[in-house]
Amino acid sequence: MKAHVKDLALAPEGRRRTQWAELQMPVLRSIRERFSREQPLRGVRISACLHVTTETAVLMQTLKAGGAQVHLCASNPLSTQDDVAAYLVKDLQVPVFAIKGEDHKTYYRHIRQCLGLRPHITMDDGADLVSTLHKELRGLMKDVWAGTEETTTGVIRLKAMAQRGVLGYPIVAVNDALTKHLFDNRYGTGQSTLDGILRATNRLMAGAVVVVAGYGWCGRGVAMRARGMGARVIVTEVEPLRALEATMDGYQVMPIREAARVGDIFITVTGDINVLSKECFQRMKDGAIVANSGHFNVEIDLPALRAMSKRVRRIRPQVEEFTLKDGRRIYLLGEGRLVNLAAAEGHPSQVMDMSFANQALCAEFIARHHETLKPQVYPVPREIDSQVAALKLKSMGIRIDRLSAEQRRYLRSWEMGT
Ligand code: ADE
């Protein structure tokens with residue numbers, strides 16, 4: 001079997017850690033049981049470009065249990081857990097092409113190798129696989145039924161492709177499911193970003209001034225968790241509505257160049273480029289820490305930071321010290337890549353349970369309905385979203401009320417008032 005991972009001898013560690021993750025993923029486990037019985041993905045070829053983590057391993061097991069043939073590559077050069085990659089290859093016979101720290105060329109070679117499966121379904125996180133297929137391997141398009149997309153950044157890219165009429169096949173935007181972004185983006189990114197920063201730096205959050213750039217679902221989560229640990233949180237935004245929401249949520253809101261002067265720790269979660277720019281670095285305090293939790297490593301202007309520096313050295317794992325020409329030091333975490341995956345383990349399994357339940361159910365939806373889909377970006381069907389929420393509540397032992405017949409009648413009527 002063709003595969004490219006760091007070291008197959010790491011497989012036992014990957015297996016144990018995946019078993020731990022699986023314990024916390026009851027929704028995906030219940031889908032896997034049904035998939036084993038019903039085989040909804042029998043003969044379906046799936047090329048997946050996802051962060052290669054223990055949670056992704058549980059998703060791969062689920063797809064295989066449903067009868068699919070899967071190939072996997074990384075959706076970020078720094079997010080692969082090498083023990084998990086080894087486990088997938090050695091124990092589960094899943095061809096994986098991913099090594100933590102792979103260079104740009106290898107990263108794209110791995111994507112092309114993953115596409116070597118000639119997929120019916122693409123499963124992407126950030127749209128690098130879809131864009132490689134569209135740019136370099138268009139011949140594969142005739143076999144593709146549809147794809148799924150995991151993240152906000154990917155959905156934005158794919159909607160831009162659809163709008164320009166260049167999207168070659170349908171995409172289901174898993175990110176847009178409520179049971180995905182309300183939980184994964186908010187609670188997952190919130191906790192795992194702080195986790196990455198703490199593991200990398202061992203800094204005390206209490207009393208720190210934390211600047212969160214971007215108040216989307218991820219930014220909301222990061223700000224909430226930083227505040228929960230006692231940080232004084234400043235939010236920067238470009239959208240008036242979000243800035244207003246951040247203000248009324250109790251955060252200080254100001255332009256990023258002003259925040260640059262006072263922040264101790266800066267976290268970008270905007271999805272856009274050069275959010276922390278030369279002008280910001282010029283204003284930062286000695287010892288400022290900069291980290292990114294947006295999908296791509298474009299939010300911190302690294303070429304500018306390098307150009308302003310007279311010395312760069314690694315001071316701790318995942319922490320680089322940039323000494324500027326005027327002597328101030330700025331500390332960059334995880335090379336400016338997703339700090340939660342570069343310096344920690346990504347979102348906790350309990351939240352990935354819902355995200356990947358959506359992925360598995362959307363793959364099943366595509367296998368059933370692909371003939372009716374057009375090359376555009378589709379929302380996740382409502383029934384899937386509701387099913388994931390109901391299964392998650394059930395797994396948590398939480399029961400809820402039902403409307404009475406009288407209450408249902410009331411909601412349907414317009415005559416009844418005060
Ligand atoms: N994205 C964020 N956290 C993740 C995780 N733990 N596994 C896969 N993808 C992720």
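Start at 1 and go down the list; that is how both ligands and their atoms are numbered.
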Problem set entry | Pair His120 and Tyr169, ring centroids less than 6.0 Å apart | no
Exercise. Can we say Asp82 and Lys100 salt-bridge, meaning some charged N sits less than 4.0 Å from an Asp/Glu carboxylate O?
Worked result: no
For this session: Verify, without hydrogens or angle tests, whether Asp83 (side chain) and Ala11 (backbone) share a donor-acceptor contact under 3.5 angstrom.
Result: no
Exercise. Taking NZ, NE, NH1 and NH2 as the nitrogens, is one of them in Arg17 or Glu345 under 4.0 Å from a carboxylate oxygen of the other?
Worked result: yes
Between the protein and ligand 1, which nitrogen or oxygen pairs come in under 3.5 Å, and how far apart is each?
from, atom 1, to, atom 2, distance (Å)
ligand 1, 3 (N), His347, N, 2.8
ligand 1, 6 (N), Glu55, OE1, 2.9
ligand 1, 6 (N), His347, N, 3.4
ligand 1, 6 (N), His347, O, 3.1
ligand 1, 7 (N), Thr53, OG1, 2.7

For this session: Using distance alone, with no hydrogens and no angle criterion, decide if His51 and Ser75 have a side-chain donor and acceptor under 3.5 Å apart.
Result: yes
Exercise. Would you say the side chains of Tyr107 and Asn76 form a donor-acceptor pair under 3.5 Å?
Worked result: no
